[in-house]
Undergrad: 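First the structure, then my questions, so here it is.
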Amino acid sequence: MNLVIVDYKAGNVQSVQFALERLGVQATLSADAETIKAADKVIFPGVGQAASAMAQLKARNLDKLLPTLEQPFFGVCLGMQLLCQHSEEGDTDLLNIIPLPVKHFETDLKVPHMGWNQLEQLTSPLFEGLEEQDYVYYVHSYYVPVSEYTIAQTSYPAPFSAALQYKNFYAAQFHPEKSGPAGSQILKNFLAL
Amino acid sequence: MLTKRIIPCLDIKDGRTVKGVQFENIRDAGDPVELAKWYAEQGADELVFLDITATNEGRKTFAQLVRDIARHIDIPFTVGGGISSVADVEVLLQNGADKVSVNSSAIKNPQLVEELATHFGSQCVTVAIDTKYKEETGWKVYTRAGTIETEHQTVDWAKQVVELGAGELLLTSMNNDGTKAGFALDITSEVAQAVSVPVIASGGAGSMEHFADAFLKAHADAALAASLFHFRELAIPDLKNYLKAQGVAVRI
């Protein structure tokens, strides 16, 4: 399988690549349009701030390319948020692939939402082999509300989108590459889509 | 529900774990990767690696080690020790670290915290605070491995670094560290309630009850220990089962 991890200097690409390696899969790191277009599957990691990540994507013309992709695509953490319409973080316009907002947690609980929390209402082949209430690792201060595209939820304290699917675009707010066996299973499921 | 985190801390010198870790099941307990894998299997929620190497040569070894750890373990980990610039952090994150912790360098140059948060996001910036109580001063912040008293009151400093962009605090009480008499509940509670970011309690863990107290009485979000785990005085699965029975949300 020709698997490409989008490398735009705003991602924990190394951790994602290692996680795939542990599954016996070699992924190519690339920001090149032709390489990404030719991939069977694309993984889009991201950490850091929305505005600077968008600037990195624009600098590489990836903001034009990514919305046109048709193969199975997996956005992770900030990579999920970037697929949405607009983020409250830095009042940033995003890739606008999934028509959803990204909001800041307004709660008395600690922000960032950091640590292991539970998945609920799993409704996708992405979660084959997982059970309701399985734990995954989160670290984020912004979230996507629950919507018709939500395929898993987590509560902090209100439910938010743990994962999304819109056409060929899958996305997870948590870090499957850092979520132990449950996370590995999710990556494996994505590879099997 | 978001769970409280249990975090073993490993001291690294020249790429090897120190403190004479003893495990039957591990081929080479001096190998941080072997040990990290074992802890991940035991149910550790995160790991912290502190580089206590002082030489440049050792630093390169540490960056290589970070890469090896990231390659082999599937839970998050924080690295710290001797970090003083954006460039230092870039190397560690590129090699696969999830978070970095800064301590003395943040005291020397508080703007560093802001620079790191701007460059990499608050989510990967942990500020480590060594605190010590004396009757005449209250809880003051110490620097340089706890050898030098600073002018900062602990709660004020905690608020200041969070303001600058710290995404998490690692609070170590030097009065309690190594005593096995329990975490410093008063200052941990005060800091945890004064800031909006998660706080890791550190220093003094000696029993399962101490962890329950840190979470239930002092509002800590995570608790860290070193020798207690390394010397197998406390097994993580037992600890988590105990905490669950006490009503603490833990990942089992």
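Proteins get letters first, then strands, A, B, ... in listed order; numbering begins at 1 in each.
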Undergrad: Given a strict heavy-atom distance threshold of 4.5 Å, which part of B/Lys99 is in contact with chain A: side chain, backbone, both, or neither?
TA: side chain
Undergrad: Can you tell me which portion of B/Arg71 sits under 4.5 Å from chain A's heavy atoms? Options are side chain, backbone, both or neither.
TA: both
Undergrad: For the atom pair NZ (A/Lys178) and CD1 (B/Ile73), what is the distance rounded to the nearest 0.5 Å?
TA: 6.0 Å
Undergrad: With a 4.5 angstrom heavy-atom cut-off, could you sort out which part of B/His72 is near chain A: side chain, backbone, both or neither?
TA: backbone
Undergrad: Shortest non-hydrogen contact from B/Pro198 to A/Pro112?
TA: CG-O, 3.8 Å
Undergrad: Out of B/Lys4, B/His119, B/Glu168, which one racks up the most heavy-atom pairs below 4.5 Å with chain A?
TA: B/Glu168
Undergrad: Counting heavy-atom pairs closer than 4.5 Å to chain A, which one of B/Arg5, B/Gln123, B/Met1 comes out on top?
TA: B/Met1
Undergrad: Measure from the side-chain N and O atoms of B/Arg251 to the backbone N and O of A/Asn117, and report whether any donor-acceptor pair falls under 3.5 Å.
TA: no
Undergrad: Let me know if B/Asp45 has heavy atoms under 4.5 Å from chain A in its side chain, its backbone, both or neither.
TA: both
Undergrad: Pick one of side chain, backbone, both or neither for B/Ile7, based on which atoms fall under 4.5 Å of a heavy atom in chain A.
TA: neither
Undergrad: With a 3.5 Å distance limit and no angle check, can you tell me whether A/Lys110 reaches the backbone of B/Ser196 through a side-chain donor-acceptor pair?
TA: no
Undergrad: Hey, what do you get for CG (B/Asp98) to CD (A/Glu177), rounding to the nearest 0.5 Å?
TA: 7.5 Å
Undergrad: B/Ala40 versus chain A, heavy atoms under 4.5 Å apart: side chain, backbone, both or neither?
TA: neither
Undergrad: What residues of residues 80-97 of chain B sit under 4.5 Å from chain A when only non-hydrogen atoms are counted?
TA: B/Gln94, B/Asn95, B/Gly96
Undergrad: Drop me the distance from B/Asp74's CG to A/His175's NE2, to the nearest 0.5 angstrom.
TA: 14.0 Å
Undergrad: For chain A, find which of B/Pro76, B/Cys124, B/Ala222, B/Ser122 contributes the most heavy-atom pairs closer than 4.5 angstrom.
TA: B/Pro76
Undergrad: What residues of residues 118-151 of chain A make heavy-atom contacts with chain B at a cutoff under 4.5 angstrom?
TA: A/Gln118, A/Tyr135, A/Tyr137, A/Val139
Undergrad: For the residue pair B/Arg67 and A/Phe18, what are the closest heavy atoms and their distance?
TA: O-CE1, 3.6 Å
Undergrad: Heavy-atom count around B/Glu163 CD within 6.0 Å, excluding the residue itself: above 12?
TA: no
Undergrad: Of the backbone (N, CA, C, O) and the side chain (C-beta and beyond), which part of A/Ser179 lies under 4.5 Å from a heavy atom of chain B, both, or neither?
TA: backbone
Undergrad: Tell me, side chain or backbone of A/Pro181 under 4.5 Å from chain B's heavy atoms, or both, or neither?
TA: both
